[in-house]
Structure formats: C-alpha cells, structure tokens
Protein chains: 2
Amino acid sequence: MLRAAMDLLRETGSEESVSLRAVAARVGVSVPSIYLHFADKQALLDAVCAEVFEQLHVAMKTASADAPNPWEALRAMGVSYVHFALDNPEHYRIVMMRGSSEQAPADEIASGAFGHLLDGVLACIGLGILEGDPVDLGLKLWAAAHGIASLLIAKPRFPWPQVDELVDATICMAGTGLAVGSRLPDELSPDEIVKRLEKLR
Amino acid sequence: MLRAAMDLLRETGSEESVSLRAVAARVGVSVPSIYLHFADKQALLDAVCAEVFEQLHVAMKTASADAPNPWEALRAMGVSYVHFALDNPEHYRIVMMRGSSEQAPADEIASGAFGHLLDGVLACIGLGILEGDPVDLGLKLWAAAHGIASLLIAKPRFPWPQVDELVDATICMAGTGLAVGSRLPDELSPDEIVKRLEKLR
DNA sequence: GACTTGACTGAACATCGCTAACTTAGCGGC
DNA sequence: GCCGCTAAGTTAGCGATGTTCAGTCAAGTC
C-alpha cells in the first residue's frame, strides 16, 4: 500500500489523485482494508513522508560522500537536497509543505537528513570555517535550500532564470553569508574567510 | 464571500475547513450562488491569494518606508515578509505552498511585493553594495525569506530556537552572502564590502 | 470441535465540489 | 400593461471522497 501510494503520487503528480480508493484498486484490495494497516489516510501519508525522508537522507549522503572537504560536502548536500526535491516535487510537497499532521515528525527530521547536515556543519566548525551553534547554522542552511526548492516547486509558471545556476548560487550565498556572518566579531577578517573558502573549491 | 473565506481561514486555521458550504452558510446564501461570482472554488482561493499578496505588499512597503538606507530597507522588507507569513500562516500557505492552480499568478507576484523587493535591490545596486542581475538577486533573497517562513509554518512542532533571532539572522545571512558573493570577482575586497555593510546598520 | 484472532469485504454515512433546472426580481421597449 | 431579457438566487441531485460498521472467511489454539 505504501509503495502504491508513492507510485500513484509520482505518476499522477498531484496529491489529490492519491485517494484511498485509488490505492486500494492498485493494491487489489477493498478500501476498508487500508484501515487495517494504517489508522488514517494521514497515517499512510506520514509513512510516505518517512520513506521520502529516508531517500532524501541517502541522496544527500551519497552526494557528499566524495566531496574533497567538509565545505564542498556541505555544498553538495545542499545542491542534492534541492535536486531531490525537484525530482520528486509532489513527495517533497507532502513532506515539507503541509500541515505536519498534529503528530510531530521532528525526531525523523533530526535523526535523518538533518542529522547528516549537522555533521557537515560540525566538520566545517572543526575546520574553522563556521562558528556558533551547529543547530542554528544548520537551520539557516536548511532554510535557504528549502526556500529555493519549495519556490521552484510551488511556482513552476514563474519565469525562472537558469534553474541549476540559481540553485547553486543560492546555496553558495547561504554558505558565504553564514561563514562571513558567523565569524564577524572574530579575529578573522572577511578577506581571509573568503580566501579560505575559495581555496576549498 | 471573499471576506467570509478569509475569515474562515483565519478562524479555523486550516484550509480544509474552508468549504463552499461553510462560506455560503456564513454569507447567508446557498452554495451554488458562489458560482455566480466565482467560476470555481479555485477562483475563490485565487482571489484570496491576490488579497493576501496585496496585504503582504503594503506590509513590506510600510516596514521599509522609514529605513535609514536601502540596505536596511531590504532587511526590513525581509523581516516583515517573514513576520507577515507567521501572522497569517494559513493564508501564506495557500499563496506560496500549493499547486499554483494552472493559472500563473506570476504577474501578481511580479507587479506587487516582488516588484517592491526589486526596487530595494536596485537601490542597493545603485549604492554599490550589490551587483548583477536584479531579478536574480531578488529571487535569492526571496528564497531565503520564504525558506525560513515556510519552514516555521510547516514544522511548528520542531523545537525552533528563538524564532525572531533566527529569522533576522537568516535574512542577514542572505544579505551578506549576496553582497560578498556578487562582488567577488570585482575590485572591491570582502573586507571593504563588510565594512560598508556595517556602516549602514 | 469450540473459540479466538486477524485480514478482508459490502453497504452505508456524511461531506465535499459541482451542475441542471427552475423561480424571482428588476429593467427597457412597444 | 404586457413582453423579453438578464442577473441573482433557489432546490435537488450527481459523483467522489474519507470513514465506520456489521459480517465473512481462513488459520491457529486449547
């Protein structure tokens, strides 16, 4: 049923088309049978969310695996995050752009993809590129990546200029802004920060 | 009917509760009467979107009106944008976090709030703080503001640390990242850019 | 063999967006 | 004074949705 729901979501490209009847028909059972395995339609969608989050997690992991340094790894994570969202727009919409369904999937987020992002941030702090609360830094990066991804998904009619470049530039903007901003009252000058950043590319 | 829909949205706090029957009951007419004024339920929601965008536009305008300089105006716009979204979460969700409904409201966006944002970007370019395509710069700022706003709205259960500070810090991150990044291959050094930025605060 | 348990089904319910057919009121022209 | 026309509103109903309920059927257990 879970797989049927995800496939249906990908094929139709719209959440409304994923009705319990459609899922049941695809699986080959009757509608009420779904309620024997999921408490609710929301529960089914929550299961889909968990699955998508796991896929996103591995996508970010593989993208950052062969990065030459933590800074590039962070950038690769951001870019792969956005590309994953654009490749699975409806799944991403369900996970990140809806009412969170009473139940807090915060643990899912924290333990999965966001945890991996935090590792990258910690590595950059260890390298002296970033400074401050890792969670805070990670949330800002997350906001930037999620921002450009969800904008591109929610407004496909907008005359976007060069999507790939825009995504990469947005991630870079967040990175340099974070690096320069977090080290501002520090002993390191912006010149040296940017020089370090360029050396890592 | 438009007002009834918006009030209903604010009171119930969930889009699902805004049914044509609920709107009709609140207005005091029968359900099909709505179709005499709106082609569709989507048309009603589109009208709501236009209204919300206009409110967002004036909110950003008033917030940036008494800023001491274009750079601070841009920051004020970003912060007020996010606060408007947090004050009207369900309205913001309808406008920015759904399927864009076939019809492109791109003109709405371009002419309204985004146009005002572009003015701010152009002023900063004139000041020598930013450089490059104004639309591109504006989109990145928009992505950052929308990112943190929609994250806060979509994941209210997440243990967010100090919302106001996080919002402001995210906007600042985007600003400095944009300024430093857009001037990188230029004659101005990061040191001087950041110094200029600090002088403007 | 009686009993429990779990997966499953058909029928039904309330609600949703939406449509068709009909009624009513107001207005200008002859 | 009556006609035709338009705008606004109505009742009744359609198909689809999420959800619940009573009942069926096979497998396992004592």
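Convention: sequence-line order gives letters A, B, ...; per-chain numbering from 1.
Applying the salt bridge (charged side-chain N to carboxylate O under 4.0 Å, His left out) test to pairs two or more places apart or on separate chains, none has a residue in residues 52-68 of chain B.
The distance between atom CG of A:L45 and atom C1' of D:dG18, rounded to the nearest whole Å, is 12 Å. We find that CD of A:Q42 is positioned 12 Å from P of D:dG18, with the value rounded to whole Å. Distance, B:L44 CG to C:dC18 C1': 14 Å, rounded to whole Å. Here D:dT20 presents its C1' atom at 12 Å from CG of A:D40, a figure rounded to the nearest Å.
Scanning for side-chain contact (heavy atoms from CB on, under 4.5 Å) contacts around B:D87 gives an empty result, with sequence neighbours left out. Qualifying side-chain contact (heavy atoms from CB on, under 4.5 Å) partners for A:V82, counting only residues two or more places apart in sequence or in other chains: A:L86, A:A145, A:I148, A:A149, A:V167, A:I171. Residues forming a side-chain contact (heavy atoms from CB on, under 4.5 Å) with A:A4 (at least two apart in sequence, or on another chain): A:V23, A:R26, A:V27.
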With the criterion being N/O to N/O and under 3.5 Å, what pairs connect the protein with nucleotides 14-17 of chain D, and how long is each?
| from | atom 1 | to | atom 2 | distance (Å) |
| --- | --- | --- | --- | --- |
| D:dT17 | OP1 | A:S19 | OG | 3.4 |

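Contact between A:M60 and A:A113 at its shortest, heavy atoms only, is SD-CB, 3.9 Å. When all heavy atoms of B:P70 and B:L127 are compared, the closest pair comes out as CD-CD2, 4.1 Å. Closest approach of A:A76 and A:S64 over heavy atoms only: CB-CA, 4.3 Å.
A salt bridge links A:K140 with A:D136; the closest basic N to acidic carboxylate O contact falls under 4.0 Å.
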Item checked: Base-contact (B) and sugar-phosphate-only (S) positions in nucleotides 5-11 of chain D, heavy-atom cut-off under 4.0 Å, - elsewhere -> ---BBBB
